Amino acid sequence: MSAILLTGGAGYIGSHTALALLRAGFDVISIDNYSNSNDEALKRVQKLAGRNLQSLQMDIRDEPALTALFKQHRISAVVHFAGLKAVGESTEQPLAYYDNNVAGTITLCRVMQQAHVKRLVFSSSATVYGDAKTMPIAESAPRSATNPYGQSKLMIEHILEDLAASDPAWSIALLRYFNPVGADKSGQIGEDPNGIPNNLMPFISQVAVGKRTELSVFGNDYPTKDGTGVRDYIHVVDLADGHLKALEYVQQHTGIDAFNLGTGVGYSVLDMVQAFADKNKVPVPYRIVARRPGDIASCYADPGKASQLLRWQAKLTLDDMVQDSWRWQQQNPHGYQE
Ligand code: NAD
Ligand code: WQD
């Protein structure tokens with residue numbers, strides 16, 4: 001039987017997608033260099049699924065190793081999560097981001113081409129919309145980047161568009177995630193950031209569990225309902241399901257298509273703090289501080305295209321997001337490194 005290859009399968013979104021794929025009966029191979037993850041995540045995934053996957057330590061830029069992998073296994077499609085994702089770090093280390101994300105994707109696609117595996121689901125991001133002028137954002141909105149991380153995602157989208165145009169056998173889905181949060185209901189797998197979290201939800205969770213004293217809310221003078229930034233938070237379990245739908249789609253269609261994976265609903269920073277505190281009955285002290293450079297006021301999706309073509313819609317609620325994030329944080333106060 002052929003397998004689905006996940007690059008970056010041990011990471012936050014990769015591990016939840018691996019679980020969804022195993023539960024749906026797929027054979028799964030994961031490659032990861034563990035630069036931002038721990039193989040404990042996939043051990044837990046296998047326990048939760050009651051089935052095994054094959055997990056290998058490999059860098060997507062290691063062309064000989066990748067080539068050998070494609071020779072050894074029958075791979076029907078690739079879901080490509082591997083990459084670096086910290087916006088601030090990307091401005092300090094642009095070469096590392098272009099090398100990992102852009103050069104890594106080129107290597108992966110070259111190996112796929114040689115192996116005649118031409119179905120690809122790629123982890124893109126709402127960051128490719130830059131500071132969008134109209135909300136909600138449709139896939140046809142203009143694209144731009146405001147930092148090297150975003151630039152790397154935009155470059156990869158262009159590269160994949162050129163690749164699909166060069167050879168009609170390619171079948172590619174660009175999944176533009178909005179703001180992934182939450183964790184599997186078991187509390188066994190979740191987001192485990194290194195050091196101080198950059199993103200809002202892991203920061204709130206670490207404040208609630210007592211690891212950090214308070215949340216800094218980056219600005220309350222945005223043109224939004226309460227002045228704090230508005231985002232489209234999407235539960236990672238819904239997101240994982242979106243990958244299964246995208247895999248079905250690339251089995252049935254050739255060419256390249258972009259899909260927003262979001263709920264279509266925007267919540268402010270203070271909405272998130274309040275929902276977390278109220279639902280979980282735990283205090284989340286915060287203080288309003290200056291805006292974070294590069295942040296935008298609002299960003300939420302028009303998820304209509306994914307609903308129509310992928311038959312995918314987010315189902316889980318804000319309550320699920322804050323409760324599931326908190327369960328993971330409480331059960332694993334130090335992430336995977338107990
Ligand atoms: P993550 O860091 O948890 O997962 C990425 C995984 O890729 C990690 O396990 C890391 O070790 C691995 N990796 C990195 N470089 C590699 C390389 N050269 N070779 C092999 N493995 C490598 O991040 P995530 O949140 O799961 O994100 C997955 C993908 O989704 C990324 O491409 C990210 O840019 C994209 N994305 C994430 C978000 C988000 O907020 N989490 C939003 C939009 C898009
Ligand atoms: C959300 C809101 C902050 C932390 C980033 C990337 C994007 C995508 C998702 C990968 C904003 C506010 C945050 C804090 C705060 N990643 N905030 N205090 O910036 O929307 O998106 O992650 O593709 O590319 O840019 O997400 O979680 O950092 O911030 O007030 O300590 O929370 O200002 O309004 P963001 P985030």
Side-chain angles (χ1 to χ4, degrees), residues 6-17 30-39 41-42 56-62 65-66 79-88 90 96-97 99-101 103-105 107-108 122-130 145-147 149-150 152-153 156 175-181 190-194 196-204 206-207 212 214-220 222 224 228-234 236 239-240 243 261-262 266-273 286-300:
L6 309 185
T7 73
Y12 172 46
I13 305 168
S15 56
H16 286 82
T17 304
S30 162
I31 58 171
D32 201 300
N33 67 0
Y34 302 115
S35 58
N36 195 38
S37 55
N38 192 309
D39 69 349
L42 290 177
L56 300 162
Q57 180 160 13
M58 193 181 293
D59 195 295
I60 53 165
R61 293 162 297 179
D62 184 345
L66 265 186
V79 188
H80 177 31
F81 299 101
L84 300 176
K85 64 164 182 177
V87 172
S90 80
Y97 275 68
D99 185 42
N100 239 285
N101 297 4
T105 302
T107 303
L108 172 70
F122 171 63
S123 297
S124 189
S125 166
T127 192
V128 301
Y129 296 118
T146 52
N147 55 68
Y149 166 72
S152 77
K153 290 290 176 187
I156 295 167
L175 301 185
R176 296 180 182 152
Y177 313 151
F178 280 68
N179 287 59
V181 296
E191 186 172 11
D192 180 19
N194 283 329
I196 302 171
N198 299 304
N199 295 115
L200 179 65
M201 187 61 101
F203 207 105
I204 291 178
Q206 292 195 6
V207 170
R212 313 208 173 264
E214 64 183 10
L215 170 74
S216 296
V217 175
F218 298 141
N220 66 350
Y222 285 105
T224 59
T228 66
V230 166
R231 297 290 184 274
D232 186 336
Y233 296 93
I234 164 132
V236 68
L239 200 59
H243 292 75
L261 296 188
Y267 290 110
S268 73
V269 177
L270 294 182
D271 286 336
M272 299 305 285
V273 170
Y286 68 88
R287 185 208 311 234
I288 309 290
V289 302
R291 290 181 179 193
R292 181 171 65 180
D295 272 358
I296 55 180
S298 284
C299 177
Y300 52 93

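We count residues from 1, following the sequence as given. Keep in mind the model is a prediction, meaning the values are calculated, not measured. Whatever order the structure lists them in is the order used to number ligands and atoms, beginning at 1.
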Participant: Find out whether Pro180 and Met201 are in side-chain contact, i.e. whether some heavy atom of one side chain is under 4.5 Å from a heavy atom of the other.
Facilitator: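 Of all side-chain heavy-atom pairs linking Met201 with Pro180, none is under 4.5 Å.
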Participant: Please confirm whether Ile13 comes within less than 3.5 Å of ligand 1 when only nitrogen or oxygen atoms on both sides are compared.
Facilitator: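 By distance alone, the answer is yes.
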Participant: What about Tyr177 and His243, are their ring centers closer than 6.0 Å?
Facilitator: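 When the ring centroids of Tyr177 and His243 are compared, they turn out to be within the sub-6.0 Å range.
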Participant: For Thr7, state whether at least one heavy atom is located under 4.0 Å from any atom of ligand 1.
Facilitator: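 It does not; every heavy atom stays at 4.0 Å or beyond.
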Participant: If the cut-off is 4.0 Å to any non-hydrogen atom of Ser37, which atoms of ligand 1 fall inside it?
Facilitator: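 Per the distance check, 8 (C), 9 (O), 11 (O).
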Participant: With a 4.5 Å cut-off on side-chain heavy atoms, are Tyr12 and Asp192 touching?
Facilitator: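 A side-chain contact is absent here, since even the closest heavy-atom pair is not under 4.5 Å.
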Participant: Quick check: does any side chain N or O of Asp99 sit under 3.5 Å from a backbone N or O of Ala96, one acting as donor and the other as acceptor?
Facilitator: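 Side chain of Asp99 to backbone of Ala96: no pair is present.
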Participant: So how far is it from Asn33 CG to Leu56 CG, rounded to the nearest 0.5 Å?
Facilitator: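 Spacing of CG (Asn33) from CG (Leu56) equals 12.5 Å.
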Participant: Taking only heavy atoms of Tyr149, which atoms of ligand 1 are found under 4.0 Å from at least one of them?
Facilitator: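 Answer for ligand 1: 33 (C), 34 (O), 35 (C), 36 (N), 44 (C).
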Participant: Quick one: pull up OG in Ser37 and CD in Glu191 and give me the separation to the nearest 0.5 Å.
Facilitator: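 Ser37 OG to Glu191 CD: 12.5 Å, rounded to 0.5 Å.
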Participant: Nearest heavy atom to atom 28 (C) of ligand 1: which of Phe81, Phe178, Phe122 does it belong to?
Facilitator: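 The option holding the nearest heavy atom is Phe81.
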Participant: At under 4.0 Å between heavy atoms, which part of Ser124 makes contact with ligand 1: side chain, backbone, both or neither?
Facilitator: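 The part of Ser124 near ligand 1 is the backbone, not the side chain.
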Participant: What part of Asn100 sits under 4.0 Å from ligand 1 if we count only heavy atoms: the side chain, the backbone, both or neither?
Facilitator: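 Only the side chain of Asn100 comes within reach of ligand 1.
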Participant: Would Pro180 count as a contact residue for ligand 1, given that I'm defining contact as a non-hydrogen atom of the residue lying under 4.0 Å from a ligand atom?
Facilitator: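 Pro180: in contact with ligand 1 (<4.0 Å).
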Participant: Just need the protein heavy atom nearest to atom 5 (C) of ligand 1, so name the residue and atom and give the distance.
Facilitator: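 Looking at atom 5 (C) of ligand 1, the protein heavy atom closest to it is Gly83 O, 3.9 Å.
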Participant: Starting from the N and O atoms of ligand 2, find every protein N or O within less than 3.5 Å and list the pair with its distance.
Facilitator:
| unit_1 | atom_1 | unit_2 | atom_2 | d |
| --- | --- | --- | --- | --- |
| ligand 2 | 18 (N) | Ser216 | O | 2.7 |
| ligand 2 | 19 (O) | Arg292 | NH2 | 2.9 |
| ligand 2 | 20 (O) | Asn179 | ND2 | 3.0 |
| ligand 2 | 20 (O) | Arg231 | NE | 2.5 |
| ligand 2 | 22 (O) | Asn199 | ND2 | 3.0 |
| ligand 2 | 23 (O) | Ser125 | OG | 2.7 |
| ligand 2 | 23 (O) | Tyr149 | OH | 2.5 |
| ligand 2 | 26 (O) | Asn179 | ND2 | 3.1 |
| ligand 2 | 27 (O) | Asn199 | ND2 | 3.2 |
| ligand 2 | 27 (O) | Leu200 | N | 2.8 |
| ligand 2 | 28 (O) | Asn198 | O | 3.3 |
| ligand 2 | 28 (O) | Asn199 | ND2 | 3.2 |
| ligand 2 | 28 (O) | Arg292 | NH1 | 3.4 |
| ligand 2 | 28 (O) | Arg292 | NH2 | 2.8 |
| ligand 2 | 29 (O) | Arg292 | NH2 | 3.4 |
| ligand 2 | 30 (O) | Ser216 | O | 3.4 |
| ligand 2 | 30 (O) | Phe218 | N | 2.9 |
| ligand 2 | 33 (O) | Asp295 | OD2 | 2.6 |

Participant: Give yes or no for whether the N/O distance cutoff of 3.5 Å, strictly under, is met between Glu191 and ligand 1.
Facilitator: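 The answer is no, given that Glu191 and ligand 1 share no N or O pair closer than 3.5 Å.
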Participant: Under 4.5 Å between any side-chain heavy atoms of Tyr300 and Tyr233, yes or no?
Facilitator: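 A side-chain contact under 4.5 Å is absent here.
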Participant: Given the rule in the side chain to side chain donor-acceptor pair (under 3.5 Å) test, do Asn179 and Asp232 qualify, once you have shown the distances and angles that lead to the verdict?
Facilitator: CA-CA 6 Å; Asn179 287 59; Asp232 186 336; over 6 Å; no
Participant: Can you pull out the closest protein heavy atom to atom 3 (O) of ligand 1? Residue, atom name and distance to 0.1 Å, please.
Facilitator: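 Checking every protein heavy atom, the shortest distance to atom 3 (O) of ligand 1 gives Tyr12 N, 2.8 Å.
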Participant: In sequence, state the C-alpha distance, the side-chain angles, and the governing distance for Thr228 and Asn220, and then conclude on side chain to side chain donor-acceptor pair (under 3.5 Å).
Facilitator: CA-CA 4 Å; Thr228 66; Asn220 66 350; over 6 Å; no
Participant: Who are the ring pair (Phe, Tyr, Trp, His ring centres under 6.0 Å) partners of Tyr267, not counting sequence neighbours?
Facilitator: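 Scan of Tyr267 (ring pair (Phe, Tyr, Trp, His ring centres under 6.0 Å), adjacent residues dropped) gives none.
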Participant: Which ligand 1 atoms, with their elements, are less than 4.0 angstrom from a heavy-atom of Ser123?
Facilitator: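 Answer, ordered by atom number: 29 (C), 30 (O), 32 (O), 35 (C).
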Participant: Can you tell me if Tyr286 has over 12 outside heavy atoms packed within less than 6.0 Å of its OH?
Facilitator: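 Atom OH in Tyr286 is not packed in, count stays at 12 or less.
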Participant: Just need the protein heavy atom nearest to atom 1 (P) of ligand 1, so name the residue and atom and give the distance.
Facilitator: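 In this structure, atom 1 (P) of ligand 1 has Asn36 ND2, 3.8 Å as its nearest protein heavy atom.
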Participant: Starting from atom 41 (N) of ligand 1, which protein heavy atom do you reach first, and at what distance in Å?
Facilitator: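 Looking at atom 41 (N) of ligand 1, the protein heavy atom closest to it is Lys85 NZ, 3.6 Å.
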Participant: Please check this pair: side chain of Asn147 against backbone of Gly150, looking for a donor-acceptor N/O pair closer than 3.5 Å.
Facilitator: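 Yes, Asn147 side chain to Gly150 backbone: donor-acceptor pair under 3.5 Å.
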Participant: Can you list the atoms of ligand 1 that are under 4.0 Å from a heavy atom of Tyr34?
Facilitator: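 Taking each heavy atom of Tyr34 in turn, ligand 1 has 11 (O) under 4.0 Å.
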Participant: Is Asn33 in polar range of ligand 1, meaning some N or O pair under 3.5 Å apart?
Facilitator: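 Yes.
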Participant: Quick one: nearest non-hydrogen protein atom to atom 4 (O) of ligand 1, plus distance?
Facilitator: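 The protein heavy atom lying closest is Gly11 CA, 3.5 Å.
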Participant: Nearest to atom 10 (C) of ligand 1, what protein heavy atom do you find, and at what distance?
Facilitator: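 I find the closest protein heavy atom is Asp32 OD1, 3.4 Å.
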Participant: Using side-chain heavy atoms (C-beta onward) and a distance below 4.5 Å, is Arg231 in contact with Val181?
Facilitator: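 Of all side-chain heavy-atom pairs linking Val181 with Arg231, none is under 4.5 Å.
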Participant: Ser124 and Val128: which non-hydrogen atoms are nearest, and at how many Å?
Facilitator: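 Residues Ser124 and Val128, closest heavy atoms: OG-CG1, 3.7 Å.
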Participant: What's the shortest heavy-atom distance between Gln206 and Pro193, and which atoms?
Facilitator: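 Smallest interatomic distance, heavy atoms only, reads NE2-CG, 4.3 Å.
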Participant: Determine whether a donor-acceptor pair (N or O, by modelled atom type, separation under 3.5 Å) exists between the side chain of Asn101 and the backbone of Leu84.
Facilitator: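 A pair under 3.5 Å: yes.
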Participant: Tell me, which protein residue and heavy-atom name are nearest atom 19 (N) of ligand 1, and how many Å apart are they?
Facilitator: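 Ranked first by proximity to atom 19 (N) of ligand 1 is Ile60 N, 3.0 Å.
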Participant: Quick one: which ligand 1 atoms are inside 4.0 Å of a heavy atom on Met58?
Facilitator: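 By the 4.0 Å cutoff, the relevant atoms are 19 (N), 20 (C).
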Participant: So among Leu215, Val217, Ile204, which one has a side chain to side chain contact (heavy atoms under 4.5 Å, CB included) with Met272?
Facilitator: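 Exactly one option meets the side chain to side chain contact (heavy atoms under 4.5 Å, CB included) with Met272, and it is Ile204.
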Participant: Heavy atoms only, cut-off 4.0 Å: how does Lys153 contact ligand 1, side chain, backbone, both, or neither?
Facilitator: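 Just the side chain.
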Participant: Numbering the atoms of ligand 1 from 1, which are under 4.0 Å from a heavy atom of Ser35?
Facilitator: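 Taking each heavy atom of Ser35 in turn, ligand 1 has 10 (C), 11 (O), 13 (N), 14 (C), 15 (N) under 4.0 Å.
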Participant: Give the residue, atom name and distance (to 0.1 Å) of the protein heavy atom nearest atom 30 (O) of ligand 1.
Facilitator: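 Answer, as residue, atom name and distance: Tyr177 CE1, 3.3 Å.
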